[in-house]
Amino acid sequence: MDKIIIHGGKRLEGDVRISGAKNAALPVITSSLLTDGWNTFHNVPDLADVRTIKRLLTGFGVKVEGGKTLRINAGEITSCEAPYDLVRTMRASILVLGSLVARMGRARVSLPGGCAIGARPVNLHLKALQAMGAEIDLKDGYVEARASRLKGATICFDISTVTGTENIMMAASLAEGATVLENAAREPEVVNLADVLKGMGAKISGAGTDVIKIEGVETLRPVEADIIPDRIEAGTYMIAAGLTGGDVNILGCRPDHLDAVTTKLKETGMKITPIDGGLRVVGNRSITSVDVKTLPYPGFPTDLQAQIMALMSMGGRSSIIKETVFENRFMHVNELIRMGADITVDGNSAIVRGVSTLRGAPVMATDLRASASLILAGLVAEGTTEISRVYHMDRGYEHIEEKFSFLGADIGRIKG
Ligand code: EPZ
């Protein structure tokens, strides 16, 4: 398995270009299942998770061509089964369920199983499809769903669920009648998907708010569309600039998707100003400790919690970081402690007491965003940090060591 080696202490400066968003690309690529003909998607990131969803669609008999510009034709679907060996590597595979049932009347999708950051059940996806008339059975670790034609329904999600909202929005696009999603997720990735579906001819209103209305249609046509830039990747590089006292232009990002992040990082002392095509982030010599509470969008994103914890590890005082979305998203804490961080976890809160230095050490990535926080800590730590299990990182960060090297970091990958 590959390792990342970082010799800390370099100040980052220069330009970094943000890639397409993983969490937009996955549902948008899946939506091609709803159409017959060639779809073209631009700005698709080169990530392990994108390769997984492409493999899943190919397994359904779908034609998939290209990379950054992806062409997909789901005219011929010869299988409706998403196998365990693929689904277990990427929980977002559950996104194919709604589209397959809507387009083909049936689907057999492996249950994702557990995940490092939490149980992450899919009960809300299944309950919503049942409300739309699908028959759902759980057999041999698989979800088996059938519906001659889904019927529109009013669905109120117990919890705001991003992929749940996306799954049902896709299913409802081809259902008979109207569907109303209440307590819907408001993430920009949901809006990107809604825009793509509308381009296909879907009748959707309210995306980006917590009430989304979908009027089902008979068929949807192929579309050409762009994937939005990755706000979590952008936030990761913003925090890297703050940690290293750097001066970095974050190019190709959508500042309007980063309001909660920008507001919070300014409180830590960073100077963040809009520039042509993105944001300029200038770190401060001293980092102000601030409290953070993760929330569904537009609140501070859970996917940047591990990264801001690395920043707070070097804060001037103490900060309390409260994780409200997932029940076990502090797997990075013990690894940061091994680098000299002073962190105490109490339930879903972490008390982070700032230290003056972190020390490089051999550490292990446990999940995608934890791996990013270890890289951030390594950038500022004294000495050498060696990060193992970087396959977690490769799921969601495109060419991360090249991008950091280009900014002046002393970082490399040892192929293993
Ligand atoms: C999406 O996951 C993202 N993944 C996650 O990003 C992100 O952390 C999460 O939303 C929250 O923003 C993709 O978009 C592919 P949820 P998702 O359903 O949809 C509970 C990353 O690092 N829940 O919004 O799986 C769930 O357990 C990844 O890029 C149920 O109880 O998250 C969680 O506590 C990690 N039952 C809460 O809701 C359900 O049926 C929010 O989860 C569904 C969810």
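In listed order, ligands and their atoms are each counted from 1.
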Numbered atoms and elements of ligand 1 in range of [X], under 4.0 angstrom, heavy atoms:
X    : answer
H125 : 40 (O)
K22  : 21 (C), 29 (O)
I159 : 31 (O), 38 (O)
V122 : 39 (C), 40 (O)
A92  : 15 (C)

Given that the side chain starts at C-beta and the backbone is N, CA, C, O, which of these parts of [X] lies under 4.0 Å from ligand 1, counting heavy atoms, or is it both or neither?
X    : answer
T163 : both
S160 : backbone
T161 : both
E189 : neither

Distance-only N or O hit between ligand 1 and L368, under 3.5 Å: no
Polar atom proximity, P121 to ligand 1 (N or O, under 3.5 Å): yes
Minimum-distance protein heavy atom relative to [atom]:
atom                    : value
atom 8 (O) of ligand 1  : D303 OD1, 2.6 Å
atom 36 (N) of ligand 1 : N123 OD1, 2.7 Å
atom 15 (C) of ligand 1 : N23 OD1, 3.3 Å
atom 37 (C) of ligand 1 : V325 O, 3.9 Å
atom 1 (C) of ligand 1  : V162 CB, 3.9 Å
atom 22 (O) of ligand 1 : R369 NE, 2.9 Å
atom 40 (O) of ligand 1 : L124 N, 2.7 Å
atom 2 (O) of ligand 1  : R120 NH2, 3.4 Å

Main-chain N/O of G75 paired to N73 side chain as donor or acceptor, under 3.5 Å: yes
Over 12 non-hydrogen atoms of neighbours within 6.0 angstrom of CG in D346: no
Atom NZ of K203 with >12 non-hydrogen neighbours under 6.0 angstrom: no
Distance-only donor-acceptor check, side chains R353 and T344, under 3.5 Å: yes
Side-chain donor-acceptor pair present, T302, E323, cut-off under 3.5 Å: yes
Parallel, tilted or perpendicular: rings of Y297 and H257 (30°, 60°): perpendicular
Residues [X], [Y]: salt bridge by 4.0 Å N-O rule:
X    : Y    : answer
E189 : R231 : yes
D394 : R413 : yes
R395 : D367 : no
D291 : K322 : no

Gap separating the NZ atom of K213 from the CD atom of E215, nearest 0.5 angstrom: 11.0 Å
R329 to ligand 1, any heavy atom closer than 4.0 Å: yes
Listed partners of K127 passing side-chain hydrogen bond (donor to acceptor under 3.5 Å, both in side chains), at least two apart: D158
